[in-house]
Amino acid sequence: MRLAGKVALITGAGGGMGREAALLFAAEGARVVVADVRQDAAEKTAAAIRATGGEGLAVRCDVAVPEDNRAMVDAAVARYGGLHVFYANAGIVDRRPDGGDVGLERISLETWQRILAVNLTGVFLGCRYAIPAIVKAGGGSVILTASIGALVAHRAHNHAYVASKAAVLGLARNLAVEYAPHRVRVNCLCPGQIHTPMMEPFVHDPARAQDIIARTPMGRFGQAREVAQVALFLASDESSFMTGAAVVVDGGWTAL
């Protein structure tokens, strides 16, 4: 029960890595606020938590909307009396439906702005409201989801996605320094090729899947649960002397 007595708020928790983290955090004793832009998906995750005896609250949140961020934090504090863990996991990618290249001349300004609004501004807004609540509760942990795209280039030229994730890593480091005196740790998760709905165009295309597997020293896609296990470590007191770190979960991709 590594999160016993803690209240955790996770964005993008209706599916993928966020859902796995929500289920795992609840199993480890946390009361979990499940935030997602899809209300039905958030409700399903919260229901799954409650079905196993945990406490889960679903809230709808478009992280690009300031008032939605304020409302989800207010909901966490109103229901559970405080906030100790904020996991900013929600994100989108600038990928064509077929998984193809979206280079400089292909991406529209509208798409560029939407990617940054969700992946970067959404993280900033979430932190703006969540961190003061964590400070008020006596401290805790903030986990920001970046990507290996924050560390290395992307061959499909997903410029907006890569730019947003690199900026999230920079934001995490700055926030870590600002809030260390307030007992708030801020770390960044950098997942690699993880089997989530976002990766479906690659997982189910034999040629693309084989290319990814061949470039990954561990020879496979990662699983969402494997990222959730690392997030659990960062959320728990076991990572008490870690802040400002980029924690890579990529099967060795960036080691090459």
Side-chain angles (χ1 to χ4, degrees), residues 1-36 41-59 61 63 69 72-90 123 126-127 129-146 172 175-176 179-180 182-191 194 222-245 247 249:
M1 303 296 285
R2 285 176 279 180
L3 297 181
K6 306 289 189 183
V7 178
L9 169 58
I10 305 174
T11 64
M17 292 183 288
R19 176 182 168 86
E20 289 296 328
L23 296 174
L24 182 59
F25 284 18
E28 290 287 342
R31 291 165 287 175
V32 181
V33 179
V34 179
D36 202 285
E43 293 286 359
K44 288 179 181 178
T45 300
I49 289 171
R50 293 192 295 268
T52 58
E55 293 190 54
L57 171 67
V59 297
C61 178
V63 296
N69 285 274
M72 72 177 178
V73 173
D74 287 348
V77 174
R79 172 65 69 90
Y80 297 124
L83 184 64
H84 308 95
V85 177
F86 175 52
Y87 183 4
N89 168 76
V123 171
C127 289
Y129 296 111
I131 290 179
I134 296 173
V135 171
K136 187 174 181 179
S141 174
V142 174
I143 307 161
L144 309 185
T145 296
L175 291 173
Y179 283 96
H182 301 281
R183 298 171 55 87
V184 178
R185 296 174 288 108
V186 185
N187 292 292
C188 207
L189 263 178
C190 298
I194 311 299
Q223 298 299 313
R225 182 78 171 186
E226 294 176 301
V227 179
Q229 294 282 5
V230 180
L232 172 62
F233 167 71
L234 293 175
S236 75
D237 293 338
E238 294 171 8
S239 58
S240 58
F241 198 55
M242 285 182 64
T243 197
V247 183
V249 188

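- With a 4.5 Å cut-off on side-chain heavy atoms, Glu20 and Val227 do not count as touching.
- To the nearest 0.5 Å, the span separating SG on Cys188 from CG on Leu175 amounts to 10.0 Å.
- A donor-acceptor contact shorter than 3.5 Å links the side chain of His84 to the backbone of Val7.
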Leu144/Val142 under side-chain contact (heavy atoms from CB on, under 4.5 Å): CA gap, chis, key distance, verdict: CA-CA 7 Å; Leu144 309 185; Val142 174; 3.6 Å; yes
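- A distance of 7.0 Å separates OG1 in Thr11 from CG in Leu9, rounded to the nearest 0.5 Å.
- Annotation for Val59 and Ala75: closest pair CG1-CB, 3.9 Å, computed over non-hydrogen atoms.
- With a 4.5 Å cut-off on side-chain heavy atoms, Leu57 and Tyr80 count as touching.
- Between the side chain of Asp36 and the backbone N or O of Ala41 there is no donor-acceptor pair closer than 3.5 Å.
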Verdict with reasoning, Tyr129 to Asp74, per side-chain contact (heavy atoms from CB on, under 4.5 Å): CA-CA 9 Å; Tyr129 296 111; Asp74 287 348; over 6 Å; no
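- Residues Glu238 and Arg2 are paired through a salt bridge, judged by an N-O separation under 4.0 Å between the basic side chain and the carboxylate.
- With hydrogens and angles ignored, the 3.5 Å screen pairs a side-chain donor or acceptor of Thr45 with a backbone N or O of Ala13.
- Put simply, the side chain of Arg185 does not reach to within 4.5 Å of the side chain of Tyr179, judged on heavy atoms.
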Check against side-chain contact (heavy atoms from CB on, under 4.5 Å), Gln223 and Ile194: CA-CA 5 Å; Gln223 298 299 313; Ile194 311 299; 5.7 Å; no
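- Between the CD1 atom of Ile10 and the CE atom of Met17 there is a distance of 12.0 Å, given to the nearest 0.5 Å.
- Summarising the geometry, atom CZ belonging to Arg19 is positioned 8.5 Å from atom NZ belonging to Lys44; distances are rounded to the nearest 0.5 Å.
- Without hydrogens or angle criteria, Asn187 side chain to Ala245 main chain gives a donor-acceptor distance under 3.5 Å.
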side-chain contact (heavy atoms from CB on, under 4.5 Å) assessment of Gln229 paired with Leu24: CA-CA 8 Å; Gln229 294 282 5; Leu24 182 59; 3.8 Å; yes
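- Within the 4.5 Å cutoff, the side chain of Leu189 has heavy atoms near those of the Val249 side chain.
- Here Arg183 contributes atom CZ and Thr243 contributes atom OG1; the two are 13.0 Å apart, rounded to the nearest 0.5 Å.
- Not one N or O on the side chain of Ser141 forms a donor-acceptor pair closer than 3.5 Å with the backbone of Val85.
- Counting heavy atoms from C-beta outward, Phe86 and Val73 have side chains that stay 4.5 Å or more apart.
- Expressed to the nearest 0.5 Å, how far OG1 of Thr145 lies from CG of Asn89 amounts to 4.0 Å.
- Side-chain atoms of Arg31 never come within 3.5 Å of backbone atoms of Glu55 as a donor-acceptor pair (strictly under, hydrogens ignored).
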